[in-house]
Amino acid sequence: MPKQQDVDVLVVGAGLAGLHTATLLAQRGHDVLLVERRPRLTGAIRTTGIFVRRTLDDFPLPAECLGPPIRRVVLYPPGLRRAVTLDSDRDEYRVGDMAPLYVATAESAAEAGVRIALGTRFAGRRDDSFVLVGHDGPTRVRARFVVGADGARSRVARDLALDRNHHLLVGAEEVFEVPRSEEPPAFHCVLDPSLAPGYLAWVVNDGRHAHVGVAGYAARFPHGLRRALERFGASAPGLSGATRSDEVERRGGPIPVGGLLRRIGCADGLLVGDAAGAVSPLTAGGLDPCLRLSTLAAGVLDDALRTGRPDALARYDGAALRARFRGRLMLRRALAQVRTPAVAAMGFTFLRTPFGRSAARRILFGDRSFPDPGN
Ligand SMILES: Cc1cc2nc3c(=O)[nH]c(=O)nc-3n(C[C@H](O)[C@H](O)[C@H](O)COP(=O)(O)OP(=O)(O)OC[C@H]3O[C@@H](n4cnc5c(N)ncnc54)[C@H](O)[C@@H]3O)c2cc1C
C-alpha cells in the first residue's frame, strides 16, 4: 500500500509557473508540495529565456542570472536581404541564464517553505488522492487543491477534465558561448515559412551567449524540425563571425499558441503557465504570461483556502481572460496563412513603410505582451 500525506496544495511542475505559484502560496502560510519529474532543474530546459521589459519591471528576477540588455531587433525576409532594423531607446529584453535562474527561484521557494520533490512524477488521481511516482515507488497525496503547472501537454488538465492545448508550435534551439564583440546585443528574427512554417527562426546574441533556433507547425516542416535547425544554423545571421562552439546546449519543446484556455479551473484545482495556454499567440512568449497568471492563481487559491468558500475558484475564469486575446489570435491566424517565401517577402514591403515599422515596434517593444489578469 503506498504511503499517504496530506497538503493544502499540490503543485505539479517546477517550471517558472509552478515555482512562482508555489512560492506565493507558501509565503501566505499554506502547506505546499511541489513535484517535478525531472531529477534536476538544470536539465531539459524548454525556453530561450527572453524576458521582456514588463517582466523585468514587475517581477524580482535574480539580476545575476540575466544577460546584458537588448535594445535592437532585426527582422529578415526570406533570403536575408534588406533587413528591417528596429532600435529602442529602452532596454527591451534580457536573456535569462535559465539553469541558475531555476535553481535560484527554487531556493527562494524552499526558503518560503515549499517542499520540493524532484524526480517525482504526477501519475493521476485515484479516489480522493493523487498518485506520485518517485525514486522509492508510488506515494499518495491528499491535497485540498492541485495546480497543473506541468506544461503544454498537461496531465493534470486531463485528470481534472479541464481544457487542453491543441494549437501547438514546436521549437528547438542550440545555445553556445560567443566571444565578446563590438556589435550591440540583438534579437534577429527570420520570417521565412520554408524554414520556420507559421512562426520564425531566430538568433539572440547578447554578447555572451548565442541562441540559434527555429519554431513552427510540426506538420509543415518539409524535412522535420531538426533538419530545419541545421539548415538555419549553417547561415544564421547575427553571429558576428562567431562560430558554434563544441559546447552546445540543446533545448526545445511544444509551444501552445491557441490562446488562454477557457476552462482552467474547477473545484479541485486549476492550471497555470503553458498548461493553461498562457502564451502570447502572436509572439509565442510565455514567461511573462506564466508569471502574471500564476500571481492571479495564487491569490484565488489563497482566498479559497482561507474562506473555504466553494465559489472562490469561479474568479479564475479563462473564458473571460481569453476575450482580451482577440486581436492577437487574429494576427496568429494571419501569420499561420503565410505559407510561401513570396508571401513573406510581400509582408516585408509593408514592414518597410513607416506604418509597418510602427506596427512592428508596437508588437516588439510594446507594453502589452499579455493582458494583466489582475486588472
Ligand atoms: C524552444 C522554446 C523557446 C522559448 N522561448 C521563449 C522566450 O524566449 N521567451 C518567452 O517568454 N517564452 C519562451 N518560450 C515559451 C516559454 O518558455 C514557456 O511559455 C514557459 O517556460 C512556460 O513555463 P511553465 O512553467 O508553464 O512550463 P514548463 O517550463 O514547461 O514547466 C513544466 C514542468 O512540468 C514538469 N512536468 C510535466 N509533466 C509532469 C508530471 N506528470 N509530473 C511532474 N512534473 C511534470 C516538466 O518537467 C516541466 O519542468 C519558449 C518555448 C520554447 C519551446
Side-chain angles (χ1 to χ4, degrees), residues 10-22 33-56 67 70 93-96 98 101-102 105-106 116-124 130-134 146-159 165 168-175 187 189 196 199-202 204 206 211-216 218 225 229 249-257 260 271-294 297 369-370:
L10 168 66
V11 179
V12 182
L16 218 51
L19 286 163
H20 192 58
T21 312
L33 174 64
L34 171 60
V35 296
E36 166 57 53
R37 70 180 172 194
R38 289 177 296 152
R40 292 175 301 117
L41 293 179
T42 51
I45 290 171
R46 286 164 173 253
T47 183
T48 305
I50 303 171
F51 288 96
V52 297
R53 176 167 38 79
R54 259 186 99 205
T55 322
L56 300 167
I70 298 175
Y93 310 106
R94 293 180 77 171
V95 183
M98 291 311 289
L101 193 142
Y102 284 125
T105 312
I116 304 178
L118 297 180
T120 303
R121 180 170 56 85
F122 171 85
F130 299 101
V131 179
L132 306 176
V133 180
V146 60
V147 173
D150 50 343
R153 297 198 173 101
S154 167
R155 166 86 201 236
V156 174
R158 197 182 87 184
D159 277 54
N165 294 301
L168 299 162
L169 302 176
V170 288
E173 71 167 18
E174 295 187 331
V175 190
F187 182 10
C189 305
Y199 188 58
L200 46 86
W202 65 89
V204 188
D206 68 3
H211 296 246
V212 179
V214 169
L225 178 61
L229 182 57
E249 182 192 341
R250 292 190 172 76
R251 299 182 184 177
I255 313 173
V257 288
L260 195 72
L271 307 175
V272 291
D274 278 13
V279 173
S280 165
L282 184 60
T283 64
L287 295 172
D288 186 73
C290 87
L291 289 169
R292 288 182 200 280
L293 192 65
S294 297
S369 72
F370 189 79

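Numbering of ligands and ligand atoms starts at 1, following listing order.
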Quiz prompt | Part of Thr120 within contact of ligand 1 (heavy atoms, under 4.0 Å) | solution = backbone
Exercise. Enter the distance from Met98:CE to Arg46:CZ here, rounded to the nearest 0.5 Å.
Key: 13.0 Å
Quiz prompt | From Val35, Asp150, Asp159, Val11 - option closest to atom 37 (C) of ligand 1 by heavy atom | solution = Asp150
Quiz item: Does any N or O atom in Asp288 lie less than 3.5 angstrom from one in ligand 1, N or O only?
Solution: no
Self-check item: contact_flag Thr283 ligand 1 heavy-atom lt 4.0 Å
Solution: no
Quiz item: Considering distance alone, does some N or O of Arg37 sit under 3.5 Å from an N or O of ligand 1?
Solution: yes
Quiz item: Going by the atom numbers of ligand 1, which of them fall below 4.0 Å from some non-hydrogen atom of Leu16?
Solution: 25 (O)
Quiz item: Does ligand 1 have any atom sitting under 4.0 Å from a heavy atom of Gly213?
Solution: no
Exercise. Could you tell me whether Gly286 and ligand 1 have an N or O pair separated by under 3.5 Å?
Key: yes
Quiz item: Just going by heavy-atom distances, which of Arg46, Glu173, Arg250 is nearest to atom 51 (C) of ligand 1?
Solution: Arg46
Self-check item: ligand 1 to Gly285 polar contact by distance, N or O atoms, under 3.5 Å
Solution: no
Exercise. Please indicate whether any nitrogen or oxygen in Trp202 is less than 3.5 Å from any nitrogen or oxygen in ligand 1.
Key: no
Quiz item: Which bit of Ala152 is near ligand 1, meaning a heavy atom under 4.0 Å away: side chain, backbone, both or neither?
Solution: neither
Practice problem: Only heavy atoms count here, so choose which of Leu169, Leu118, Thr47, Asp274 is nearest to atom 19 (O) of ligand 1. | Solution: Asp274
Quiz item: Which option, Phe122, Phe51, Tyr93, owns the non-hydrogen atom nearest atom 41 (N) of ligand 1?
Solution: Phe122
Self-check item: Whether Phe122 and Phe130 hold their rings parallel, tilted or perpendicular, with breakpoints at 30° and 60°
Solution: tilted
Quiz item: So between Leu271, Leu168, Thr48, Leu287, whose heavy atom ends up nearest atom 21 (O) of ligand 1?
Solution: Leu287
Exercise. Say whether Ala17, considering both its backbone and side-chain N or O atoms, lies within less than 3.5 Å of an N or O atom on ligand 1.
Key: yes
Quiz item: Does Arg121, backbone or side chain, put an N or O under 3.5 Å from an N or O of ligand 1?
Solution: no
